[in-house]
Amino acid sequence: MNRDRLLVVCLWTLLALGASVYAADNQVGTWKVNVTKSKYDPASLTPKSTTVKTEAITGGVKSTVDNVDADGKTLHYGYTAKYDGKAVPVKGDPNRDSTSWKKIDEYSFEQVNRKNDKVTTTTRVVYARDGKSRTATTTGTNPQGQKVNNVVVWEKQ
């Protein structure tokens, strides 16, 4: 009887560990920019709204973005990236044609964007411990040659 009980405890422990590893990716979910809490520099690039839906894949994420820019133009783009720092294509975003992701720790990630194989911006994404918000700090130069220094607050939907 003790052996059966030990087997059940071991199986439950393995299931719990497996679930926690899967749930540990804070990026997973639907996120929306809180424009009023965010700071875009240059301010002329402040979007009217941005929503990203992120799904887990083995070792990374699949992200789909819907954006309404400052002029009211809608953009829809996406990518699938592993946390290995290798560039992957971004389809539909005029500001970049590739991106790469690295997981720094459980609550922080680094994203590097490129246009024509040249690094344009780097973003550090930090998740709140409660999982309800994240702050993305982006620096670099956009493809139009403007310096970028954004602090964007996202809220989980």
**Prompt:** Among K156, K132, R134, which one satisfies side-chain hydrogen bond (donor to acceptor under 3.5 Å, both in side chains) with Y127?
**Reply:** R134
**Request:** Quick one: sort the W101 and Y83 rings into parallel, tilted or perpendicular, breaks at 30° and 60°.
**Result:** perpendicular
**Request:** Give a yes or no answer on whether the side chain of K115 reaches the backbone of P94 with a donor-acceptor pair at less than 3.5 Å.
**Result:** yes
**Item:** ILVMFWY network linking Y40 to W31, side-chain heavy atoms under 4.5 angstrom
**Value:** yes
**Asked** Which pair of non-hydrogen atoms, one from V61 and one from I57, has the smallest distance, and what is that distance?
**Response** N-CG1, 3.4 Å
**Under 3.5 Å: donor-acceptor pair, side chain of D84, backbone of K86** = yes
**Asked** Nearest heavy-atom pair of A87 and R114: which atoms, and what distance?
**Response** CB-NH1, 3.8 Å
**Request:** Pick out which of T99, D97, T138 makes a side-chain hydrogen bond (donor to acceptor under 3.5 Å, both in side chains) with N113.
**Result:** T99
**Message:** Just verifying a value: how many Å separate N150 CG and T46 OG1, rounded to the nearest 0.5 Å?
**Reply:** 7.5 Å
**Request:** Answer with yes or no whether the side chains of N34 and T36 bring together a donor and an acceptor at under 3.5 Å.
**Result:** yes
**Request:** Decide if atom CG of D105 counts as having more than 12 heavy atoms of other residues, nucleotides or ligands within a radius under 6.0 Å.
**Result:** yes
**Prompt:** Hey, is NZ on K102 packed in by over 12 heavy atoms from elsewhere, all under 6.0 Å?
**Reply:** no
**Item:** Within 6.0 angstrom of K53 NZ, more than 12 heavy atoms from elsewhere
**Value:** no
**Request:** Mind checking the CG-OG spacing from D66 to S49? Nearest 0.5 Å is all I need.
**Result:** 8.5 Å
**Message:** For residues V65 and V35: do they belong to one hydrophobic cluster (side chain heavy atoms under 4.5 Å, members Ile, Leu, Val, Met, Phe, Trp, Tyr)?
**Reply:** yes
**Message:** Would the distance check show the side chain of S38 and the main-chain N or O of V153 forming a donor-acceptor pair, the cut-off being under 3.5 Å?
**Reply:** yes
**N67 versus P47, closest heavy-atom pair with distance** = OD1-CB, 3.5 Å
**Complete:** On a heavy-atom basis, the closest approach of K82 and T58 is NZ-O, 2.9 Å
**Fill in**
Between the CZ atom in R96 and the CG atom in N116, the distance rounded to the nearest 0.5 Å is 14.5 Å
**Request:** Measure the shortest side-chain to side-chain distance between V88 and T80 over non-hydrogen atoms and say whether it is less than 4.5 angstrom.
**Result:** no
**Asked** What distance separates S63 OG from E55 CD, expressed to the nearest 0.5 Å?
**Response** 8.5 Å
**Asked** Say you draw a straight line from CZ of R124 to CD of E110; how long is it, rounded to the nearest 0.5 Å?
**Response** 7.5 Å
**Item:** Pairwise side-chain contact, T51 with Q157, heavy-atom cut-off 4.5 Å (strictly under)
**Value:** no
**Item:** Single-linkage hydrophobic cluster, 4.5 Å side-chain cutoff, Y107 and V152 together
**Value:** yes
**Hydrophobic cluster identity match, F109 and V126, side-chain contacts under 4.5 Å** = no
**Asked** Just by modelled atom types, is the E106 backbone N or O under 3.5 Å from a matching donor or acceptor in the N26 side chain?
**Response** yes
**Asked** What pair of heavy atoms forms the shortest contact from G60 to D25, and how long is it?
**Response** O-OD2, 3.9 Å
**Prompt:** Does the side-chain contact (heavy atoms from CB on, under 4.5 Å) test come out yes or no for V52 and W154, once each step is laid out?
**Reply:** CA-CA 10 Å; V52 62; W154 296 78; 3.5 Å; yes
**Request:** Inspect the surroundings of NZ in K39 and state if more than 12 heavy atoms from other residues, nucleotides or ligands are less than 6.0 Å away.
**Result:** yes
**Item:** Straight-line distance of N95 CG to L75 CG, nearest 0.5 Å
**Value:** 8.0 Å
**Prompt:** Can you check whether V148's main-chain N or O pairs, donor with acceptor, with D41's side chain at less than 3.5 Å?
**Reply:** no
